[in-house]
Asker: 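Here's a structure for you.
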Amino acid sequence: MACERTATLVADHFDDTLVPLQREALDQHARHCADCAQALDEARQTHAHLRTWQPQRVPAWSRPALPSAPQKRSRLRWAWWQWAPLAVSCVLALAVVLNVQISTGSQGMAIRFGASSTPDTAQLEARLAAFDAQYQAALQTLTQTLMQQQATDNARLMEAVIDSVVEQFGDSTARSLEQVIAYFESQREQDLQLLQASYQQLADSDYATIRSVEQLAMLVQGGQP
Amino acid sequence: MSLAEQDDALIRAALEGSARSWDQLVRRHETQVYNFSLRLTGNPADALDLMQEVFLGVYRNLHRFRGESQFSTWLFRIAHNKAIDMARRRPSSTSLESALEDAGDLIEARWQQLDDVPEQDPQALLDERQRNALLLAQMAALPLEQRLVVELKVFQSLTFEEIAELQDISANTAKTRFYTALRRLKALMEQDHGM
Ligand SMILES: [Zn+2]
């Protein structure tokens, strides 16, 4: 093609977003340029030939089914695990800030708000130590539950994968099935590590916040941070 | 409710866990995706594989669909990327000849499938078989990036700007690719039936 505009001109001819003025300019050029006129004519024929395609009916195929535990629900299920340490921290923080005193005596359990009549540093230290212990215990329980949950999910998902593979390809594909499982396991392993890491991070950041709230509370009460 | 709104409603329900809505969503778009896959891969077996991957990709990313574009546009963005992934994984073994052969098999299967439908005009069906088989073979002779431009422009009616964005090229490069592809197809058509 001798005319350097031919490629763009032909392409633009099939552009539905062209405004009338642009289309007019295009036609104008083609009327005076033999190269472009011929290229345009051939392109129209080819385009028309392509458009003779008759849509094919979809053969029978196994549509990917929505897994029984959909994405959104499973994300919601994780939500409370993620927020549990924060909730625990909030309750404890509130207890520290409001200076809640829980004492069990012969009259049963008694809860008191506000500063006690004899606030001293030793008492606060003791309460902080107790808070640390409670926090660590809660974190450990949550982590264990998390791991158990993950193991159950693993097994359930694995079953689903095996079922669908066997259903699709039959039992004869044991080798590829092994590969699928190996890949699957490595993926889940990575997921688990990632999840635990971010979980720990979240818990740690909550913990850091809560400690500074406590220190603030102590300052407010005139104690030592 | 418009088609796009119906899609949106089905997506919301599928995300809430409705297997039926998901199934409906797939059925609404599978013919378009299958024909897209067929024209890009040149044979029904690969087309089914590609379609499977497209819908798995759709499923995995459904929660990211924000409704900024139409679902079908979003769907073909995934289809485009999956087609490229698949071509990279399976280096082109589809020669013009094997594509023709595969297309012939496909049409043969369809022919048998339609044998029981008496109201169809056999002459029209025969033309359709030949036309599609020929088109598949001609498309298969194009390099993948040209085939994709032709598919997206001629069959999916995307603008050159949209095609450029998908392929990470300039609009002008997309236009040149399209023109080069049309010329190549024209040459093949002449070869096939002396047009
Ligand atoms: Zn010109």
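What you see below is based on every heavy atom in this structure, not just the backbone, and it leaves out hydrogens, waters and symmetry mates. Chain letters run A, B, ... following the sequence lines, proteins first and then strands; every chain starts at 1.
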Asker: Taking side chain as everything from C-beta outward and backbone as N, CA, C, O, which of these in B:Val58 sits under 4.5 Å from a heavy atom of chain A? Side chain, backbone, both or neither.
Answerer: neither
Asker: Just jot down the side chain to side chain contact (heavy atoms under 4.5 Å, CB included) partners of B:Glu162, sequence neighbours excluded, or say none.
Answerer: B:Leu158, B:Thr159
Asker: Step by step, would you call A:Leu50 with B:Met139 a side chain to side chain contact (heavy atoms under 4.5 Å, CB included)?
Answerer: CA-CA 9 Å; A:Leu50 286 168; B:Met139 288 279 279; 4.2 Å; yes
Asker: I'd like to check the ring pair (Phe, Tyr, Trp, His ring centres under 6.0 Å) partners of B:His29; sequence neighbours left out, ordered by chain and number.
Answerer: B:Phe71
Asker: Tell me, do B:Leu136 and A:Trp53 make a side-chain contact under 4.5 Å, heavy atoms counted?
Answerer: yes
Asker: Side-chain contact, heavy-atom cut-off 4.5 Å: A:Pro55 with B:Gln32?
Answerer: no
Asker: Counting only non-hydrogen atoms closer than 4.5 Å, does A:Thr52 touch chain B with its backbone (N, CA, C, O), its side chain (CB onward), both, or neither?
Answerer: both
Asker: Between A:Leu66 and B:Ala14, which heavy-atom pair has the shortest distance, and what is it?
Answerer: CD2-O, 3.6 Å
Asker: Between B:Val154 and chain A, with a heavy-atom cut-off of 4.5 Å, which part of the residue counts as in contact: side chain, backbone, both or neither?
Answerer: both
Asker: Return the minimal non-hydrogen interatomic distance between A:Gln56 and B:Thr31, and the atom names on each side.
Answerer: O-CG2, 3.9 Å
Asker: Quick check: do A:His49 and B:Leu185 have side-chain heavy atoms less than 4.5 Å from each other?
Answerer: no
Asker: Heavy atoms only: give me the nearest A:Ser62-B:Gln52 pair and the separation to one decimal.
Answerer: O-NE2, 3.2 Å
Asker: Closest approach of A:Pro64 and B:Trp22, non-hydrogen atoms and distance?
Answerer: O-NE1, 2.6 Å
Asker: With rounding to the nearest 0.5 Å, note down the distance linking CD in A:Gln54 to CG in B:Asn35.
Answerer: 10.0 Å
Asker: Got B:Phe55 and A:Arg63 here, is their nearest side-chain heavy-atom distance under 4.5 Å?
Answerer: no
Asker: Would you please test A:Asp15 and B:Phe178 for side chain to side chain contact (heavy atoms under 4.5 Å, CB included) and show each step?
Answerer: CA-CA 11 Å; A:Asp15 190 347; B:Phe178 179 68; over 6 Å; no
Asker: Only heavy atoms, only distances under 4.5 angstrom. Which residues in residues 166-175 of chain B are near chain A?
Answerer: B:Asn172, B:Lys175
Asker: Nearest 0.5 Å please: distance from the OG1 atom of A:Thr46 over to the CD atom of B:Glu190.
Answerer: 8.5 Å
Asker: Measure across B:Met51 and A:Val58 and return the closest heavy-atom pair with its distance rounded to 0.1 Å.
Answerer: CE-CG1, 3.6 Å
Asker: Can you tell me how far apart NZ (B:Lys186) and CD (A:Gln45) are? Round to the nearest 0.5 Å.
Answerer: 4.0 Å
Asker: In terms of heavy-atom contacts, does CZ of B:Arg20 have more than 12 from other residues, nucleotides or ligands at under 6.0 Å?
Answerer: no
Asker: Which heavy atom in B:Phe160 sits nearest to a heavy atom in A:Ala11, and how many Å separate them?
Answerer: CE1-O, 3.1 Å
Asker: Not counting sequence neighbours, which residues clear side chain to side chain contact (heavy atoms under 4.5 Å, CB included) with A:Ala43? List them please.
Answerer: A:Val10, A:Phe14, B:Leu182
